[in-house]
Amino acid sequence: MAREPRRRRPGLAAPSSGFREDVIAGLSLPRKTLPPKYFYDATGSRLFERICRLPEYYPTRVELALTRANAAAMARFAGRGVALVEYGSGESLKTRSLIRALRPGAYIPVDISADALQRAERRLRREFPWLAIRAVQGDFSAPLALRMDSSRKARTLVYFPGSTIGNLTPEEAHAFLAMTRGQVGARGAMLVGVDLKKDPAVLHAAYNDAQGVTAAFNLNLLARINRELGADFELRRWRHYAFYNAALGRIEMHLASLGAQSVRIGRHRFRFASGETIHTENSYKYAAAEFQALARRAGFRPAKLWVDARQRFSVHGLIAT
């Protein structure tokens, strides 16, 4: 988890054909996996909104405070009248502070969940009636047609909060940043939220909350597969399992089988040994210098860095080179 409620939408939900193909492909691997982008159906989006308000889950709270405290400086970094593109927009909580300071020429929220984006768009239109909003439902991990106004000369600023970039491997993050560099153009820029490396106990608590909301969020992925693909996962036979992998610098989220079992999805049958897991998400943590080096390799110049007083979270201002 990392995205803005992340993680992270107008139109219809993600196409079921792509969903089915990705689920079948992931469960057919020797080490089974499911793409985390499919967490965000209507139920998953609501659960993630609850996660972001949990006492253990610091990233949203800390990044929101950091953004509010530094919104004017972020607006100076971005410049006047930017076209603000937000990847994984969700509830757009942090975005409101940024919009007030930036007064962008246009706001283009991009997300995969129709339910979360539609609700956020309604709220934003009430709060900012002057703002031109052009919402885009889609998977921002691939290039998107963002319907930019070619007559406008303003800079494009991509806003990527919530440490969603941590859901990507470092290699994937590099490719994503390079793709975004191509999309924003030579005058473009990014504001990126990045969770910092810290005490593993703090990280463990953030992904294993006492109320069990994160567990429900993780298990809802199986419930969604049942609902939309006609699978027969028995949720009581699975448990949420999350831990910090220090060697790789990442939180790993899994769903662990509580016994030997098999699951059918259409004509496909998948067998699980007792204790076998389905890997559902990574959340990489970076030292600030590590992320800046990654951004440089992808064609960005690190220009600004905002970090909270307890060194838990960072927001990076990047300029395309």
Exercise for review: Hey, could you give me the CG/CZ distance between Leu305 and Phe291, rounded to the nearest 0.5 Å?
Suggested key: 10.5 Å
Review point. Roughly how far, to the nearest 0.5 Å, is the CD atom of Glu56 from the OG1 atom of Thr214?
Key: 8.0 Å
Review point. Hey, what do you get for CG (Asn218) to OG1 (Thr280), rounding to the nearest 0.5 Å?
Key: 4.0 Å
Practice item. Report the residues that fulfil side-chain hydrogen bond (donor to acceptor under 3.5 Å, both in side chains) with Ser314, sequence neighbours left out, ordered by chain and then residue number. Key: His316
Exercise for review: Just say parallel, tilted or perpendicular for the rings of Phe128 and Trp130, cut-offs at 30° and 60°.
Suggested key: perpendicular
**Study point:** More than 12 heavy atoms of other groups within 6.0 Å of Arg61 CZ
**Key:** yes
Check your understanding: Between Arg269 and Ser262, does any side-chain donor sit less than 3.5 Å from a side-chain acceptor?
Key -> yes
Exercise for review: Taking atom NZ of Lys304 as the centre, report whether more than 12 heavy atoms of other residues, nucleotides or ligands fall under 6.0 Å from it.
Suggested key: no
**Study point:** Cluster overlap Ile165 with Leu248, hydrophobic side-chain contacts below 4.5 Å
**Key:** no
Review point. Under 6.0 Å from the CZ atom of Arg227, do we count more than 12 heavy atoms belonging to anything else shown?
Key: yes
Practice item. Mind checking the CD-CG spacing from Gln311 to Leu196? Nearest 0.5 Å is all I need. Key: 7.0 Å
Review point. What pairs meet the salt bridge (charged side-chain N to carboxylate O under 4.0 Å, His left out) rule with one or both residues in residues 309-321, with sequence neighbours excluded?
Key: Asp308-Arg312
Review point. Do the side-chain N and O atoms of Asp195 and Tyr58 include a donor-acceptor pair separated by under 3.5 angstrom?
Key: yes
Review point. Charged N to carboxylate O under 4.0 angstrom, Arg100 versus Glu127?
Key: yes
Exercise for review: Describe, in one word, how the ring planes of Phe160 and Phe176 are oriented to each other, choosing from parallel (under 30°), tilted (30 to 60°) and perpendicular (over 60°).
Suggested key: tilted
Check your understanding: Which is it for Val158 and Glu86 under the side chain to side chain contact (heavy atoms under 4.5 Å, CB included) test, yes or no, and what are the steps along the way?
Key -> CA-CA 6 Å; Val158 167; Glu86 183 177 6; over 6 Å; no
Practice item. Could you please spell out the steps behind the side chain to side chain contact (heavy atoms under 4.5 Å, CB included) verdict for Tyr159 and Leu98? Key: CA-CA 10 Å; Tyr159 183 42; Leu98 202 57; 3.8 Å; yes
Check your understanding: CZ of Phe313 to CH2 of Trp306: how many Å apart, nearest 0.5 Å?
Key -> 13.0 Å
Review point. Step by step, would you call Trp238 with Leu258 a side chain to side chain contact (heavy atoms under 4.5 Å, CB included)?
Key: CA-CA 5 Å; Trp238 295 84; Leu258 295 178; 5.7 Å; no
Study note, to complete from the structure: dist Met179:CE -> Glu172:CD (nearest 0.5 Å) comes out at 11.5 Å
Check your understanding: So is Arg239 actually on top of Tyr241's ring, under 6.0 Å and inside 45° of the axis?
Key -> yes
Review point. For the side chain to side chain contact (heavy atoms under 4.5 Å, CB included) test, which of Ile133, Val85, Leu84, Val136 pairs with Pro109?
Key: Ile133
Check your understanding: Relative to the ring of His279, is the ring of His254 parallel (under 30°), tilted (30 to 60°) or perpendicular (over 60°)?
Key -> parallel
Review point. Using a distance-only test with no angle check, is there a side-chain donor-acceptor pair under 3.5 angstrom linking Arg250 and Asn282?
Key: yes
Practice item. Measure from NZ or CZ of Arg224 to the centre of the six-membered ring of Phe19 and say whether it is under 6.0 Å with the direction within 45° of the ring axis. Key: yes
Practice item. Would you check, one step at a time, whether the test salt bridge (charged side-chain N to carboxylate O under 4.0 Å, His left out) holds for Arg119 with Glu49? Key: CA-CA 12 Å; Arg119 286 185 285 123; Glu49 289 174 15; 3.3 Å; yes
Practice item. Verify the distance criterion only: is there a donor paired with an acceptor across the side chains of Glu276 and Ser257 at less than 3.5 Å? Key: no
Practice item. Please tell me if the side chains of Arg134 and Tyr107 come closer than 4.5 Å, counting only heavy atoms from C-beta onward. Key: no
Review point. Side chains of Ile24 and Ser28: does their closest heavy-atom pair fall under 4.5 Å?
Key: yes
Review point. So, Asn220 side chain and Ala216 main chain: donor-acceptor pair closer than 3.5 Å or not?
Key: no
Exercise for review: Determine, for Glu121 against Arg125, whether the closest basic-nitrogen to carboxylate-oxygen distance falls under 4.0 angstrom.
Suggested key: yes
**Study point:** From CA spacing to verdict: side chain to side chain contact (heavy atoms under 4.5 Å, CB included), Ile51, Leu54
**Key:** CA-CA 5 Å; Ile51 287 169; Leu54 292 169; 4.3 Å; yes
Point to revise | Test applied, ring pair (Phe, Tyr, Trp, His ring centres under 6.0 Å); reference residue, Phe217; option that passes from Tyr38, Phe39, Tyr207 | key: Phe39
Review point. Has Lys197 got its NZ or CZ under 6.0 Å from the middle of the six-membered ring of Tyr286, at an angle within 45 degrees of the ring axis?
Key: no
